[in-house]
Amino acid sequence: MRLKVQKIGNGLHPNEIVVKIETLSGAESLVLDKRSLDDSSISVGAPLARANGSRLLVELPQEAMSGAWRVWVKQSQLIPEKNEVQAA
Amino acid sequence: MILTDREIKIAIARKLIRIDPAPDHDVALTSTALDLTLDPQIRVFKDNVPGVVPVIDPSVPGFNSADVIGQLTDKRKIPFAGYELPPNKLILAWTREYVELSVVTRIAARVEGRSSLARLGLGVHVTAPTIHAGFKGPIQLEMINHGISPILLKPGMRICQLIFETTLGTPEKGYTGQFLNQTKLVHA
């Protein structure tokens with residue numbers, strides 16, 4: 001799965017960017033390589049857990065600036081990978 | 001278990017590990033590690049103004065380490081002649097190589113120093129050596145000279161090594177769609 005993000009700035013290296021992620025406990029910011037960003041989303045693999053219907057736990061590809069690795073997000077924040085297809 | 005040179009080559013060939021630019025296997029591999037080289041871009045921490053000691057509080061809501069480090073450091077590009085890292089000086093550096101570990105892989109990695117540089121007092125990371133499955137990017141290095149003499153750093157020099165390890169099982173995020181219920185996903 002891919003998690004929607006918003007680019008908010010550049011990182012410390014020319015190849016780095018800083019993105020913002022909307023989580024259920026507030027915004028998280030994350031430094032990533034530019035190549036990780038594709039159409040304003042990043043790959044996070046499969047969700048790890050579900051709660052209250054539409055809340056999904058995902059693991060970020062890098063440690064967020066707050067120190068968080070796993071965050072709860074709304075299902076609407078996730079989109080399928082290009083090599084994934086939706087089953088019935 | 002740690003991957004040997006043979007297993008590292010197989011993992012690269014199967015695209016479980018991606019290294020760009022591709023390493024010269026003949027010289028970059030050792031029996032249980034892969035050497036990576038130094039990118040010319042570095043960030044050098046500024047010296048404190050005498051009498052002024054800034055205090056960093058990472059617990060402040062909205063703390064942005066990139067902004068803080070950006071203000072505390074100067075961007076430099078290591079010239080061909082090299083950059084002299086003084087004793088007790090911390091800099092941020094990166095590997096020239098882009099590293100990618102597939103999210104579905106059973107491979108993680110650790111970045112470690114090289115003994116030839118460690119003997120001079122050069123440390124290449126500060127307690128954060130783990131490269132998780134799903135990682136994409138150059139490896140950031142927190143370099144400090146613990147020795148007594150400046151150490152000359154040159155772009156492209158062998159600066160660290162990656163040790164690849166197999167995990168016991170696939171990480172949960174490497175599985176597909178078990179918590180998606182209504183929108184079950186499968187790999188094409």
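In the text below, chain A, chain B and the rest are named by the order of the sequence lines, each starting its count at 1.
Follow the hydrophobic side-chain contacts under 4.5 Å out from B/L117 and you reach B/L34 in the same cluster. Under a hydrophobic clustering in which Ile, Leu, Val, Met, Phe, Trp and Tyr are joined whenever their side-chain heavy atoms come within less than 4.5 Å, directly or via other members, B/I139 and B/L90 fall into different clusters. A/V71 and A/M65 sit in two unconnected hydrophobic clusters of ILVMFWY residues. Membership requires side-chain heavy atoms under 4.5 Å apart, directly or through other members. No continuous path of ILVMFWY side-chain contacts below 4.5 Å connects B/L152 to B/L122, so the two sit in separate hydrophobic clusters. Placement of A/L32 and B/F135 in two distinct hydrophobic clusters is found when ILVMFWY residues are connected by side-chain heavy-atom separations under 4.5 Å, directly or transitively.
Contacts between B/E100 and chain A at a heavy-atom distance below 4.5 Å are absent for every atom of the residue. Heavy-atom distances place no part of A/E63 under 4.5 Å from chain B, backbone and side chain included. Contact annotation for B/I42: neither backbone nor side-chain heavy atoms come within less than 4.5 Å of a heavy atom of chain A. Within the 4.5 angstrom heavy-atom criterion, no atom of A/S66 approaches chain B. For B/D67, no part sits under 4.5 Å from any heavy atom of chain A, backbone or side chain. Residue A/I42 does not touch chain B at all, counting heavy-atom pairs closer than 4.5 Å. Interface remark: B/P138 contributes backbone and side-chain atoms alike to the contact with chain A (heavy atom separation under 4.5 Å). Looking at A/R55, neither its backbone nor its side chain comes within 4.5 Å of chain B, counting heavy atoms on both sides. The contact between A/V44 and chain B is made entirely by backbone atoms, counting heavy-atom distances below 4.5 Å.
Rounded to the nearest 0.5 angstrom, B/R18 CZ and A/R35 CZ are separated by 6.0 Å. Here the CZ-NE2 distance, from B/R43 to A/H13, works out to 10.5 Å after rounding to the nearest 0.5 Å.
For the pair A/P61 and B/K136, the minimum side-chain heavy-atom distance is 4.5 Å or more. In this structure the side chain of B/H132 never reaches within 4.5 angstrom of the side chain of A/Q62, judged on heavy atoms.
What you find for B/G137 and A/D33 is that their closest heavy atoms are CA-CB, 3.7 Å.
Counted within 6.0 Å of NZ on B/K15, heavy atoms from surrounding residues, nucleotides or ligands total 12 or fewer; the atom is thus considered open. B/E142 CD: more than 12 foreign heavy atoms inside a 6.0 Å radius.
Here B/S65 is the residue among B/P61, B/S65, B/G134 with the most heavy-atom pairs under 4.5 Å with chain A. Interface summary for chain B: among A/S29, A/G9, A/S36, the most heavy-atom pairs under 4.5 angstrom belong to A/S36.
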Fill in: Verdict with supporting geometry, B/W94 and A/L12, side chain to side chain contact (heavy atoms under 4.5 Å, CB included)
CA-CA 10 Å; B/W94 289 264; A/L12 299 170; 3.8 Å; yes
